[in-house]
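None of these values were measured; they are calculated from a predicted model. Sequential numbering from 1 along the given sequence is applied to the chain's residues.
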Amino acid sequence: VDKSSRILVLGHRGLVGGAIHLKLAQMGYAPRTGARVQTLSQALGNIDDAEYVFMAGGIGGGIAKNLAQPADLALGTMRMLSAVLAGAWERGVKRFIWFACACIYPRSPRASPESDLWAGWLEPTSRAFAAATLAGIELTRAYNQQYGTEFLAVCPPTVYGCGDDFSEDGHVLAAMIRKCHEAKVAGAREVTFWGSGRQRRQFLYADDLAGVAVEIMASSAFASWAPLLNVAGEPARPLAEVAHVVAGVVGYPGQIRWDGTGAEGAPAKEILGGRGPAFMLTPLREGLKWTYEWYQVKVTNLPQGQNHED
């Protein structure tokens, strides 16, 4: 990959895609951009003559969305992955990276390496979406095996950062930031989260993922990592601990309460990295600080009810 390479970022308006596009621009590349695709014709039109493609415009959401829209998430994911992988092969893309999620691994009390794939039962609350993503990984493997392509799924833990989805469909950190901010503004004496707070989660700042994704794309070891490479974050923490970190960053002085109700997902969700390039991790508190600053400027100034991607 050199500065004249034709690079495409699909999903550049989202959290991960936006971070990758910015990182490439900062490094002197001139990446093209494209929207999320659902059909082969859309994929072919977006890819065109691109040599290297990052697809970060995936379909996903937090536990509430997985419970409310499992069929939509699964169907959308399968359509998107089948279309864009076929398009990448037909256009002769040299290397292609897309992003999976940690829910592909079975429930486990320990961090999951890539070898844990298919080793047990999936978490029920995200099973449909996880199964569709697993189908995409197997399709990635199949293209590489049959056609000699270099396609790779990169699996991070829960990603957060500037450009996150702070709506009701978002992931846990964005939801915590929004609820703590709203409680601070309202002068509320306490903020309530569902569940027990005992679930352990691992997080990765979007800019960290973007930097290592660019390194992976350019690496001579790319083919050896296919079809799946984990990119891990800091060790997982209980959500009760994470909530206090968020409250401190937001400046919310009230009480945090866990209501003990609602689906909580897997007791632990953590992946094991180490096979890919080494990189410096942004500490959670520091990443949250930057994310909250972005939220205050970009999200809280929008008209009521409007999300940042609208």
*Asks:* Does Val84 share a hydrophobic cluster with Tyr147, counting links as ILVMFWY side-chain heavy atoms below 4.5 Å and allowing steps through other members?
*Replies:*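 Yes, Val84 connects to Tyr147 through the hydrophobic network.
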*Asks:* Testing the 3.5 Å rule here: is there a donor-acceptor pair between the side chains of Gln202 and Thr158?
*Replies:*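 Side chains of Gln202 and Thr158: no pair found under 3.5 Å.
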*Asks:* Hey, mind stepping through Glu270 and Arg200 against salt bridge (charged side-chain N to carboxylate O under 4.0 Å, His left out) and telling me if it holds?
*Replies:* CA-CA 8 Å; Glu270 184 174 9; Arg200 294 171 55 250; 3.2 Å; yes
*Asks:* Can you give me the closest heavy-atom contact between Ala128 and Pro70, atom names plus distance?
*Replies:* CB-O, 3.8 Å
*Asks:* Passes side-chain contact (heavy atoms from CB on, under 4.5 Å), Thr291 versus Tyr205? Steps please.
*Replies:* CA-CA 9 Å; Thr291 304; Tyr205 190 56; 3.7 Å; yes
*Asks:* Answer yes when Arg6 and Asp48 have at least one side-chain N-carboxylate O distance shorter than 4.0 Å, and no when they do not.
*Replies:*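 No, Arg6 and Asp48 are not salt-bridged.
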*Asks:* What orientation do His21 and His12 show, parallel under 30°, tilted 30 to 60°, or perpendicular over 60°?
*Replies:* tilted
*Asks:* Could you tell me if the ring centre of Phe151 sits under 6.0 Å from that of Trp89?
*Replies:* no
*Asks:* Using distance alone, with no hydrogens and no angle criterion, decide if Asn230 and Tyr105 have a side-chain donor and acceptor under 3.5 Å apart.
*Replies:*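 Indeed, the side chains of Asn230 and Tyr105 share at least one donor-acceptor pair under 3.5 Å.
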*Asks:* Between the side chains of Glu138 and Trp118, does any donor sit under 3.5 Å from an acceptor?
*Replies:* yes
*Asks:* With a 4.0 Å cut-off on N to O distance, would you call Asp208 and Lys23 a salt bridge?
*Replies:*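 Looking at Lys23 together with Asp208, the answer is no, because their closest N to O distance does not fall below 4.0 Å.
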*Asks:* Under 3.5 Å, is there a donor-acceptor pair between the Trp225 and Ser219 side chains?
*Replies:*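 Short answer, no.
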*Asks:* Ignoring hydrogens and geometry beyond distance, is a side-chain donor-acceptor pair present between Asp259 and Thr192 at under 3.5 Å?
*Replies:* no
*Asks:* Check for me, please, whether Val246 and Ile256 land in the same ILVMFWY cluster - side-chain distances under 4.5 Å, paths through other members count.
*Replies:* yes
*Asks:* Ignoring hydrogens and angles, state whether a donor on the side chain of Asn66 or Thr125 is under 3.5 Å from an acceptor on the partner side chain.
*Replies:* no
